[in-house]
Participant: 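The following block contains the structure, expressed as structure tokens.
Quick note: numbers below take in every heavy atom, side chains included, and nothing from hydrogens, waters or symmetry partners. Sequence positions, counted from 1, serve as the residue numbers for this chain.
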Amino acid sequence: MMRIERVEIKNFRQYKNVVFDFEKTGKYDLHIILGNNGIGKTNLLNAISWCLYGKESHLGNEKSARKRINSTVLEDAIEAGEPKCCVTVAVTIGVDNKRIKFERSQEFKANKDAFEFKPSFVVTVIAPTGNDVITDSERIDNLIKQYLPEDIKEYFFFDGEQLDKYFISNQGEKIHQAIFNISQVNLLDSMSDRLGKVIHDFQIDAGSKNVGIKDLNAKKSAKEMSVNDLKMRIAECKKQISLADSEITICNEYLAGKDGVPDKEKEYQEVSYQIEAKEVEFANHMISFNYFIREYKVLFAMYPKLKKTLNLVNEKEGQGQLPPNIDRQFLERMLKYHKCLICDRDMDDTEEEAVRGLLKQLELSTTVSHLLVKMKGPLEDSIERCQRYPEARAALVEKEKSLTAELKQLRERFDKLDAFLKNYSDKDKIREMHEKRSKFQDLKKKNEEDRIKLEVQLDNAQKELASIENELAKAIQKQEDLAELEKKIVFAKKSLSIVREIEMEMMDEVKDKMTVETMNIFGKLDWKTKTFDHIELDDSYNLELFDSYGYPMVGACSAAERALLALSFTLALQKVSGYDSMLFIDTPVGRVDLENRANFAEVLNQLSENKQVIMTFTPSEYSQEIRNVLEPCSSTYKELVTVDEKETYIK
């Protein structure tokens, strides 16, 4: 079990010289830090992040932020004429019967620009067998990856304000990346990239010996670039759709939470869906109507000639000038061979005379006769359809009127609801959220349409790429002097296929474990155990929680329940990955409703029996109700204070 034992901060932002000790003194490894907003609670997280990874992960806007050197220290150094001043953060962890101290320092030039010198990073491993001071960057990186890997740092260090939004904000991409990293699939991915490069190099080698193969390699490279570009554009569409979903959910929650609004908001959404479906139905109907108009325009233009031709055919038929649809050559062959070619027997004189009579009746040429006979049916059908025009048109017009009336009625309802929601109490905020939702609904629709188009293009491009690769393989096979090279390419391709299959199997296995483990932990920690039934991660790694009736619940959960679900997922990820680490949560109950805060605090107590839990609170969050639950169990309690807002220290 990995835990943070000490954090030492010198001259980092508002911390001039502060030491945080996190000693476990009882049954619970629970640590509380209290401080007003802006006093430096989040910067404690930033200090730890900067020490370990060289980045301030929880900084609002790094470009506009002030230098990390404490401003008073910098001013004092300038005034004293000192050339430099220094920031130092040291984080000591305890793990595997040893202590590891990570220490990062950075010097700043003592002037108004505060030029940053290259930071130094030293790690000291303190073990019973002796100490080991490490300065080699590769060894340090390996230690960090072993105990606190940056790729999944957000599963150790939490911003509590975002906990309840964890599974409604770009969740699929985030969860996929976490599973990808913890399952070590990234190692296989590197192998896959390497094999792809090996295959490419082999094919280039073959191309250097044959102009045709060289040309195919060029086509292949161009098509690969096209495929990769399409994949990136599809990924961006999915990212935008995920972002839009998150914002739409936030807007829906805000609008649905107002007195008098929920029913109207629900009706608004239902009418919106009905309008969308009805517009699709109307568009399809108008396509059919336009086709009908084009078809009858042609029929009516041809009607006089159709009628005249049919009358001519009927007249000839009535006068007996149109014999049955008989093949003249067929009859002539029967007479030639004196045999009935239908029943395959010899004909007598009477039968042959009958056949000659049929031939005499064919006054019109056989070609014209057959053509006129064949024309009669389609002519009658076309004329009959012309006669049915009023009835068919009336039905289409009636449906158009009906759909138009229904759409008008729905839009009138929609406009009334829209006006109601925009002009409700707190109208500025509601109108802002309403317009924001509309904007993101449009963004989502556009990106969904773009994604579908791009996926079709990608499918075609991948088929073309496969065809080029097949052509390339055949070209290489034909060259006798490339036989050995062709074997290497085939072997490399088989290896690549195996690696990719293993990647998919590993991802599926870890995903299944994560699903089961998250639900197990959530079921143990949640105080509404009968409400929720199971969790699913779909193919896009979007997490959904279902109730006992099979309905999705993530969007309908309280902030406390979603935060608890995020913690459950984190604990499951730590367990499955083997990174059994501490939790540092900044403002854990910031988004939790009042009635659930005590329950949530009790869950955090339970967690601290088996792992270190460090939490920061504002005085308003650390209510008496929370205090009563947490304080009797806490190992340490620290209150941050400031005198002039330039320096923060522990009271």
Participant: For Glu150, check salt bridge (charged side-chain N to carboxylate O under 4.0 Å, His left out) against everything at least two apart and list the hits.
Facilitator: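 Testing Glu150 for salt bridge (charged side-chain N to carboxylate O under 4.0 Å, His left out), a comparison that skips the adjacent residues, returns Lys55.
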
Participant: Does some side-chain heavy atom of Arg68 sit less than 4.5 Å from a side-chain heavy atom of Glu116?
Facilitator: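 Of all side-chain heavy-atom pairs linking Arg68 with Glu116, at least one is under 4.5 Å.
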
Participant: Might you point out which heavy atoms bring Ile234 and Arg451 nearest each other, and give the distance in Å?
Facilitator: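 Closest pair (atom of Ile234, atom of Arg451, distance): CG2-CG, 4.3 Å.
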
Participant: Got a donor-acceptor contact below 3.5 angstrom from the Glu412 side chain to the Gln409 backbone?
Facilitator: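 Side chain of Glu412 to backbone of Gln409, a donor-acceptor pair under 3.5 Å: no, none is there.
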
Participant: According to salt bridge (charged side-chain N to carboxylate O under 4.0 Å, His left out), who are the partners of Arg393, at least two apart in sequence or on a separate chain?
Facilitator: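 Arg393: no salt bridge (charged side-chain N to carboxylate O under 4.0 Å, His left out) contacts found.
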
Participant: Is it the case that Asp586 and Thr42 place a side-chain donor and acceptor less than 3.5 Å from each other?
Facilitator: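 A pair is found: one side chain offers a donor N or O, the other an acceptor, under 3.5 Å apart.
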
Participant: Return the CE to OG distance between Met514 and Ser568, rounded to the nearest 0.5 Å.
Facilitator: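 Nearest 0.5 Å value for the CE-OG distance: 10.0 Å.
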
Participant: Quick check for you: to the nearest 0.5 Å, what is the distance between Leu44 atom CG and Ser49 atom OG?
Facilitator: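 Rounded to the nearest 0.5 Å, the CG-OG separation comes to 11.0 Å.
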
Participant: Which residue pairs satisfy the ring pair (Phe, Tyr, Trp, His ring centres under 6.0 Å) criterion with at least one member in residues 393-415, sequence neighbours excluded?
Facilitator: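 For residues 393-415: Tyr268-Phe414.
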
Participant: Can you list everything that forms a side-chain hydrogen bond (donor to acceptor under 3.5 Å, both in side chains) with Gln274? Sequence neighbours excluded, please.
Facilitator: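 If we apply the side-chain hydrogen bond (donor to acceptor under 3.5 Å, both in side chains) test to Gln274, skipping adjacent residues, there are no hits.
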
Participant: So Arg413 and Ile275, do their side chains get closer than 4.5 Å, heavy atoms only?
Facilitator: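 The answer is no, as the side chains (C-beta and beyond) never meet within the 4.5 Å cut-off.
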
Participant: Between Phe569 and Thr515, is any pair of side-chain heavy atoms under 4.5 Å apart?
Facilitator: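 A side-chain contact is absent here, since even the closest heavy-atom pair is not under 4.5 Å.
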
Participant: Could you pull out all residues at least two apart from Asp415 that satisfy side chain to side chain contact (heavy atoms under 4.5 Å, CB included)?
Facilitator: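 Here no residue qualifies.
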
Participant: What are the two closest non-hydrogen atoms of Asn46 and Glu56, and how far apart are they?
Facilitator: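 For Asn46 versus Glu56, the nearest heavy atoms are OD1-C, 3.4 Å.
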
Participant: How long is the span from the CG atom in Asp450 to the NZ atom in Lys445, to the nearest 0.5 Å?
Facilitator: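 One gets 12.0 Å once the value is rounded to the nearest 0.5 Å.
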
Participant: With sequence neighbours left out, which residue pairs that include part of residues 271-289 fulfil the salt bridge (charged side-chain N to carboxylate O under 4.0 Å, His left out) condition?
Facilitator: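 For residues 271-289: Lys278-Glu281, Lys278-Glu406, Glu279-Arg411.
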
Participant: Might you work through the ring pair (Phe, Tyr, Trp, His ring centres under 6.0 Å) test for Phe532 and Phe546, ending with a clear yes or no?
Facilitator: CA-CA 6 Å; Phe532 306 111; Phe546 293 86; over 10 Å; no

Participant: State, yes or no, whether a side-chain contact exists between Phe157 and Leu583 at a heavy-atom distance under 4.5 Å.
Facilitator: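 With C-beta onward as the side chain, the pair stays apart.
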
Participant: Who pairs with Tyr296 by side chain to side chain contact (heavy atoms under 4.5 Å, CB included), at least two apart in sequence or on another chain?
Facilitator: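 Per chain and number, Tyr296 pairs via side chain to side chain contact (heavy atoms under 4.5 Å, CB included) with Phe292, Leu299, Phe300, Arg385, Tyr389.
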
Participant: Considering residues at least two apart in sequence or located in another chain, which fulfil the salt bridge (charged side-chain N to carboxylate O under 4.0 Å, His left out) criterion with Asp459?
Facilitator: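 Applying salt bridge (charged side-chain N to carboxylate O under 4.0 Å, His left out) to Asp459 gives Lys463.
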
Participant: Carefully, step by step, assess Glu435 and Lys439 under the rule salt bridge (charged side-chain N to carboxylate O under 4.0 Å, His left out).
Facilitator: CA-CA 6 Å; Glu435 291 171 354; Lys439 182 184 78 172; over 6 Å; no

Participant: I'd like to check the ring pair (Phe, Tyr, Trp, His ring centres under 6.0 Å) partners of Tyr53; sequence neighbours left out, ordered by chain and number.
Facilitator: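 Once residues adjacent in sequence are excluded, Tyr53 has no partner under the ring pair (Phe, Tyr, Trp, His ring centres under 6.0 Å) criterion.
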
Participant: Check Gln457 against Leu230 and note the closest heavy-atom contact, atom names and distance.
Facilitator: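 Scanning both residues, the minimum pair turns out to be OE1-CD2, 3.6 Å.
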
Participant: Using the side chain to side chain contact (heavy atoms under 4.5 Å, CB included) criterion, which residues pair with Ile468? Sequence neighbours excluded.
Facilitator: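 Side chain to side chain contact (heavy atoms under 4.5 Å, CB included) check on Ile468 returns Lys219, Lys220, Lys223.
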
Participant: Return yes if some donor-acceptor pair links the side-chain N/O of Asp229 with the main-chain N/O of Met225 below 3.5 Å, else return no.
Facilitator: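 Side chain of Asp229 to backbone of Met225, a donor-acceptor pair under 3.5 Å: no, none is there.
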
Participant: From Glu267 CD over to Leu417 CG, what is the distance, rounded to the nearest 0.5 angstrom?
Facilitator: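 The CD atom of Glu267 sits 4.5 Å away from the CG atom of Leu417.
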
Participant: Can you name the salt bridge (charged side-chain N to carboxylate O under 4.0 Å, His left out) partners of Glu236, sequence neighbours left out?
Facilitator: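 By the salt bridge (charged side-chain N to carboxylate O under 4.0 Å, His left out) rule, Glu236 matches no residue at all.
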
Participant: Does Asn290 use its side chain to pair, donor to acceptor, with the backbone of Met286 at less than 3.5 Å?
Facilitator: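 Pair found, side chain donor or acceptor close to backbone of Met286.
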
Participant: Please identify each residue that fulfils side chain to side chain contact (heavy atoms under 4.5 Å, CB included) with Lys436, with sequence neighbours left out.
Facilitator: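 Only Glu247, Cys251, Phe440 meet the side chain to side chain contact (heavy atoms under 4.5 Å, CB included) criterion with Lys436.
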
Participant: Any idea which heavy atoms bring Ile144 and Leu52 closest together, and the distance?
Facilitator: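 Of all heavy-atom pairs spanning Ile144 and Leu52, the closest is CD1-O, 3.1 Å.
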
Participant: Please check: side-chain N/O of His534 versus main-chain N/O of Val516, any donor-acceptor pairing under 3.5 Å?
Facilitator: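 Judged by distance alone, no pair lies under 3.5 Å.
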
Participant: Is any side-chain heavy atom of Thr518 closer than 4.5 Å to a side-chain heavy atom of Leu565?
Facilitator: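 They are in side-chain contact.
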
Participant: Please confirm whether the backbone N or O of Glu400 pairs with a side-chain atom of Thr404, one donor and one acceptor, at under 3.5 Å?
Facilitator: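 Checking the backbone N and O of Glu400 against the side chain of Thr404, a donor-acceptor pair under 3.5 Å is found.
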
Participant: So how far is it from Lys444 NZ to Ile241 CD1, rounded to the nearest 0.5 Å?
Facilitator: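 Lys444 atom NZ to Ile241 atom CD1 measures 7.5 Å (nearest 0.5 Å).
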
Participant: Look at Lys453 together with Glu449 and state whether they make a salt bridge at an N to O cut-off of under 4.0 Å.
Facilitator: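 Answer for the salt bridge query: no.
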
Participant: So do the side chains of Lys41 and Asn37 get within less than 4.5 Å of each other, counting heavy atoms only?
Facilitator: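 Yes, close enough: below the 4.5 Å cut-off.
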
Participant: Do the side chain of Ser288 and the main chain of Asn284 share a donor and acceptor less than 3.5 angstrom apart?
Facilitator: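 A pair under 3.5 Å: yes.
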
Participant: Please report the interatomic distance CD(Gln462) to CD(Glu469), rounded to the nearest 0.5 Å.
Facilitator: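 Those atoms lie 10.5 Å apart.
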
